[in-house]
> 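Dropping the structure in here first, questions after.
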Amino acid sequence: MHFFRHLLAMVGLILPVRKNLFHKLLESRAIKKAIDDESNSKQISTEKARKHAVRFIKEIASNPSDLALYFTSHIMKWAWKRLYEKINITGADRIRRLAKTGKELVYVPCHRSHIDYLLLSYVLYNQGLVPPHIAAGINLNFWPVGFLFRRLGAFFIRRSFKGNKLYSTVFREYLSDLFIRGASVEYFVEGGRSRTGYLLNPKTGILSITIQAMLRDGHRPIVFIPIYIGYEHVLESQTYADELRGTSKKEEGILSIIRGLCCLRNLGQSYVNFGEPLLLTEYLTHQVPDWRKSINSLESQRPAWLTSVVNEIAQKIMIRINNAVVVNTINLCATALLASRTHSLSRQQLINQIDCYMNLLRNTSYSSELTLPTITSQQLLDHALKMDKFNVFQDSIDDIIMLKPTQVVLATYYRNNIYHVLVIPALIASLLINKKVVSYLDLLQHISVIYPIIKSELFLRWTVDNLSKALDMFIVEMERQGLLIEEKNFLRFNPDSFHILQLLAEGSRTIVQRYSIIFYLLSISSTINRGMLEKQSRTIARRLSVVSGINFLEYFDQLSFSSLVLNLRNQGYIKDVSYPDCLRARTTYQLCLDLVDENIRIVIEHASRHL
């Protein structure tokens, strides 16, 4: 049994012959019923509807090959050595232990790049774990990539199959069959690659199918493995920036791959950090004590608790991905230089700012899963300067480090990767600089009002009830660093460290300005709807980017504003059946004004009057 468990963890279960899999799926009650429904609704013969089902299975199903995995692993080993200086892996031992206890592993990584698929499979294979079946977008199903990916375990999923009952049934049955057979699975809960560097709102469809599959079988416990994947250089970063500026998305194809291969160079280091696993059975027992009564009951209806539990699990997975963030040298340098209005700092200023960030993260323990560099700030900077993202101007006083003009917008992507771990001290610094002296209660009030929105948008780990403890923790560390002075429950900034505090405060500029735009629009219009709010917010943000020189990716991203507006609806600022809460929005806007420059307020209010 001991050796069988090792074998199961490394090789996986024996998969059925492809023809047998097709036959098994077509004979399932759910697909038979869907075929009959397809025949009746479209007025076609049952045989023709069955052919549609076969076509869908062929389109979806993977066809893994041990031989393909073996040879590809050697090719990938050669390629990674030329692409990356090092692949940093953290937390793999815990995953191996889970695999050997017979758990059903579901890998849920963040999605930065197309490289994620290959990198994670390569890492798992070389860690002695069976590579998972990977849910890949149908846009990657082109020759020869589609054939190769299918042999490496990829199964393909359409971006949307709403209204196509036969396709959705076939996909659900195929995925359920994978889980029932005990195959490990990997999918990206964000649904697509992040264009801004932030985590995207989770798509819960495939999570729901996962839970339903366990309820249909109930034997092998499922464990979600959140995974943070990070890079010092994201291959598609320039493409993301172009798309957000309005350039049409280029379709994937063999020519685009060849062009990409021609541009490959040293991409620095990459990071794979396995976060805290979420054992599904334990979570369900805690949230829905009688969930086992729903096993095998899904043939007729979904449990009433399923939707809310799926949404909660999706949020927990995203939070645990962010908890496992890896802070690297490009993240830190980009955060510091973007905080400067000229995107430049002297070498010593940059080192001091990196020290500030590192001490904040090291001494406040954002998460036990967070990974920090182990080298000094000087060594971090020396490594960053090799990445061809910065210009260095030498003079007799000190070197000036500046972001290259072509890298300014792209640097926001790397800053946004770690934005969530620094946003709370940045808000504290911003309020101190704008108000000079602030009481602790005033500080707590300002941050408490917008924290629920920030928490939901950035997937922060602290609950609203624990916010005061987090603030206390950061205040103590900022006082230890000499950034602020606390006297009789009042806080004021330390003039001797004003420049460091100012750069720290600039880290909150983007998020507070976006909030200010939306809350001002809500406060002046009692009839604005969600669609108008998204459109007008983006218009003002783009104007702000031109007038104030704020060229951040999220200012051009429609998805960012759509997610924010949806978040505000969940917080009660917007209602689907009535007008916005203008009074509450006006109060929140006034609090936001204490965190932004006066010039920004003027631009927002002036632009709003001319919409």
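The analysis underlying the following values was restricted to heavy atoms, covering all of them including side chains, and did not include hydrogens, waters or symmetry mates.
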> Is it true that, when you exclude Lys203 itself, more than 12 heavy atoms of the residues, nucleotides or ligands shown sit nearer than 6.0 Å to its NZ?
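Yes, enclosed.
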> Check for me whether the distance between the ring centres of Trp143 and Phe149 falls short of 6.0 Å.
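No.
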> Between Thr196 and Glu554, is there a side-chain donor-acceptor contact under 3.5 Å, judged purely by atom types and distance?
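No - no donor-acceptor pair under 3.5 Å links their side chains.
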> Is a side-chain donor-acceptor pair under 3.5 Å present for Asn141 with Arg150?
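A donor-acceptor contact under 3.5 Å links the two side chains.
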> Main chain of Tyr117, side chain of Ser121: is a donor-acceptor contact present, judged purely on distance under 3.5 Å?
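Checked: pair present.
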> In the structure I gave you, are the side-chain heavy atoms of Leu278 and Val223 within less than 4.5 Å of one another anywhere?
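No; the side chains remain at least 4.5 Å from each other.
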> In terms of ring plane angle, is the pair Phe474 and Trp462 parallel, tilted or perpendicular, where the classes change at 30° and 60°?
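The arrangement is perpendicular - the two ring planes meet at more than 60°.
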> Might you work through the side-chain contact (heavy atoms from CB on, under 4.5 Å) test for Asp116 and Phe188, ending with a clear yes or no?
CA-CA 10 Å; Asp116 298 342; Phe188 300 96; 4.0 Å; yes
> Under 6.0 Å between ring centres: does that hold for Trp291 and Tyr283?
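No, the ring of Trp291 stays outside the 6.0 Å limit from the ring of Tyr283, centre to centre.
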> Keeping the roles fixed (side chain from His420, backbone from Asn322), state whether a donor-acceptor pair exists under 3.5 Å.
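A pair under 3.5 Å: yes.
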> Give the C-alpha distance, both sets of side-chain angles, the deciding distance and a yes or no for side-chain contact (heavy atoms from CB on, under 4.5 Å) between Thr101 and Arg97.
CA-CA 7 Å; Thr101 58; Arg97 289 194 295 271; 5.7 Å; no
> Cation over ring, Arg94 on Phe274, under 6.0 Å and within 45°?
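No, Arg94 and Phe274 do not form such a contact.
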> Using distance alone, with no hydrogens and no angle criterion, decide if Gln287 and Glu312 have a side-chain donor and acceptor under 3.5 Å apart.
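Distance-only check passes for Gln287 and Glu312.
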> Could you work out, with side-chain hydrogen bond (donor to acceptor under 3.5 Å, both in side chains) as the rule, every residue matching Ser237, not counting sequence neighbours?
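Ser237: no side-chain hydrogen bond (donor to acceptor under 3.5 Å, both in side chains) contacts found.
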> Between Ser194 (side chain) and Tyr198 (backbone), is there a donor-acceptor pair under 3.5 Å?
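Yes.
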> Where the side chain of Gln127 meets the backbone of Ala92, is there a donor-acceptor pair that is under 3.5 Å apart?
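Judged by distance alone, no pair lies under 3.5 Å.
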> Quick check: does any side chain N or O of Glu190 sit under 3.5 Å from a backbone N or O of His111, one acting as donor and the other as acceptor?
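Yes, because the side chain of Glu190 sits within donor-acceptor range (under 3.5 Å) of the backbone of His111.
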> Ignoring hydrogens and geometry, is there a side-chain-to-backbone donor-acceptor pair from Asn311 to Ser308 under 3.5 Å?
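Side chain of Asn311 to backbone of Ser308, a donor-acceptor pair under 3.5 Å: no, none is there.
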> Using the rule side chain to side chain donor-acceptor pair (under 3.5 Å), only one of Tyr84, Tyr271, Tyr414 pairs with Glu232; which is it?
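It is Tyr271, the one option of Tyr84, Tyr271, Tyr414 that forms the side chain to side chain donor-acceptor pair (under 3.5 Å) with Glu232.
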> Ring of Tyr167, cation from Arg158 - is the NZ or CZ under 6.0 Å from the centre and inside 45° of the axis?
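The answer is yes; both the distance and angle limits are met.
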> Regarding Asn331 and Asn328, do their side chains bring together a donor and an acceptor under 3.5 Å, going by distance alone?
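Yes - a donor-acceptor pair under 3.5 Å links their side chains.
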